[in-house]
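Because the structure is predicted, anything quoted here is derived from the model rather than measured. Below, chain A is the first sequence line, B the second, and so on; all start at residue 1.
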There are 2 protein chains.
Amino acid sequence: MPVAVIPFKRKNPKTRLSCVLNETEREAFAEAMMLDVVAAVRDAGCRPVILGVEPFESEDLVQVAIPDKGLSDALNEYLSCALDAVLIIMADIPLADETSIKRVTTTQSDLSIVPGRGGGTNVIFIRDAKKFHVDYYGGSFEKHMKIAAEAGLSVDVIDSFRLHTDIDEKEDLVELLIHGTGKSRTFLEGLGFSLTSEQGRIGIGRKQYPGSRGSSSVS
Amino acid sequence: MPVAVIPFKRKNPKTRLSCVLNETEREAFAEAMMLDVVAAVRDAGCRPVILGVEPFESEDLVQVAIPDKGLSDALNEYLSCALDAVLIIMADIPLADETSIKRVTTTQSDLSIVPGRGGGTNVIFIRDAKKFHVDYYGGSFEKHMKIAAEAGLSVDVIDSFRLHTDIDEKEDLVELLIHGTGKSRTFLEGLGFSLTSEQGRIGIGRKQYPGSRGSSSVS
């Protein structure tokens, strides 16, 4: 049973959503997205482990603190000690579901990977964790492809928009309101977010948010 | 062998790319993307048919003119006469490849569909074309799901970022430069576009374009 490592930043996360969510809301939203990812990896038969700087209250989640080092170093330390296959999955891809994650974990290759929007890496599955290391800063998808090639590992790039869609900006919330089914969608709806239509394009609107300029369309 | 209908607008297309491409370049770029889609549907065993307002010079492409009506009406007229299964695929998804399209055309359901960014529909495959009609304006993904449900058709939503990623805005060009392999990527590179890295984020830059403010980062 693979371990699913989920890096998670609890304090002041998702600052690019500040135009529509205040800090307290962003923290609650980030946690709701993380819990959606936790539910999805459990459905897919993985054991979630939260890797974070600040611990948080939880009765049923295994947490590992990041020591005084960056995310990549902390993950690489974890990989070097891992006994099982390891899935590393970002906490901000709440469209993740059992089917998409199983496509990743049932690969026949040594490694499978899902690129994020803009050249990042949203999910990596490593069958023999000791043979790989991660490098998460700036264009990590191409870096991870290169690291795998240099290590002689076969790679499967998984073509999934559910795992490709990281929620960073207001426009991304549209995808969550259309395709989401979990806590993070419910959280947004509870704050009054809904889909809008302007000139044939779908956007999002939120009722009575101080910083909001009403609804805004995206493609 | 399914027909792949590809709606295509030749004149002044992709105006949201005006910040980085002039009109002549946008026309050439739109055609390069369309030809990438044509190559992909051929690889996947479909016969491409271009549905457009303005015919263009081509030796080997079947073209059908849209009469004096909108896209949805023209497509519905086509569907009502179709003898084979029909794939409708947008011309602006140049990351489409044989594997992703075959996932759509080998569905066991009556209909398979791939949502686009922002609630649109990028690809639909209809096994019995007479039983379905399209409605492409504004939030078409949810409309198509409803039309299918009302017609009693089983639906398979295909989870593919290659088919989900429509190229509309400058930020989308990053995806093409990272994941593209065809004519449209080559076209952009020929104009001097390349990936840039700023503060750990991947963006695109273009050498010496009058309207460009240098490179710009995206998430």
Side-chain angles (χ1 to χ4, degrees), chain A residues 14 16-17 70-71 92-93 95-97 99-104 114-122 135-143 145 156-169 171-175 177-179 195-204 217-219, chain B residues 14 16-17 70-71 92-93 95-97 99-104 114-122 135-143 145 156-169 171-175 177-179 195-204 217-219:
Chain A
K14 296 287 157 197
R16 283 190 277 160
L17 290 173
L71 175 64
D92 62 351
I93 52 170
L95 301 184
D97 63 4
T99 304
S100 53
I101 293 171
K102 279 188 172 167
R103 285 172 60 203
V104 176
V114 186
R117 296 259 306 278
T121 305
N122 284 357
D135 185 353
Y136 268 99
Y137 192 70
S140 63
F141 174 68
E142 296 202 330
K143 287 197 281 188
M145 294 296 280
D156 197 4
V157 178
I158 305 296
D159 176 15
S160 162
F161 83 81
R162 291 195 159 270
L163 301 179
H164 176 70
T165 305
D166 24 41
I167 306 294
D168 287 318
E169 299 182 346
E171 288 71 17
D172 304 330
L173 301 181
V174 172
E175 305 303 325
L177 287 178
I178 294 174
H179 302 290
L195 295 173
T196 62
S197 181
E198 282 177 26
Q199 298 178 315
R201 286 186 201 156
I202 297 285
I204 57 154
S217 285
V218 297
S219 71
Chain B
K14 295 287 156 196
R16 282 190 277 159
L17 289 173
L71 174 64
D92 62 351
I93 51 170
L95 301 184
D97 64 3
T99 304
S100 53
I101 293 171
K102 279 188 172 168
R103 284 173 60 202
V104 176
V114 186
R117 295 257 307 275
T121 305
N122 284 357
D135 185 353
Y136 268 99
Y137 192 69
S140 63
F141 173 69
E142 296 202 330
K143 288 197 281 189
M145 294 295 280
D156 198 4
V157 179
I158 305 295
D159 176 14
S160 162
F161 83 80
R162 290 195 159 272
L163 301 178
H164 176 70
T165 305
D166 24 41
I167 306 293
D168 287 318
E169 299 182 346
E171 288 72 17
D172 304 329
L173 301 180
V174 173
E175 305 303 325
L177 288 179
I178 294 174
H179 301 290
L195 295 174
T196 62
S197 181
E198 281 177 26
Q199 298 178 315
R201 286 186 202 157
I202 297 285
I204 57 154
S217 285
V218 297
S219 71

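Summarising the geometry of B:F161 relative to A:I158, their closest heavy-atom pair is CE2-O, 4.0 Å, with the distance given to 0.1 Å. Annotation for A:G118 and B:E175: closest pair N-OE2, 2.5 Å, computed over non-hydrogen atoms. B:S160 approaches A:D159 most closely through the heavy-atom pair OG-OD2, 2.7 Å. When all heavy atoms of A:E142 and B:L195 are compared, the closest pair comes out as OE1-CD1, 4.3 Å.
Neither the backbone nor the side chain of A:Y136 has a heavy atom closer than 4.5 Å to any heavy atom of chain B.
Remark: A:S100 engages A:D97 in a side chain to side chain donor-acceptor pair (under 3.5 Å) (not counting sequence neighbours).
Counting only heavy atoms from C-beta outward, the side chains of B:H164 and A:T165 approach each other to under 4.5 Å. Put simply, the side chain of B:R117 reaches to within 4.5 Å of the side chain of A:R117, judged on heavy atoms.
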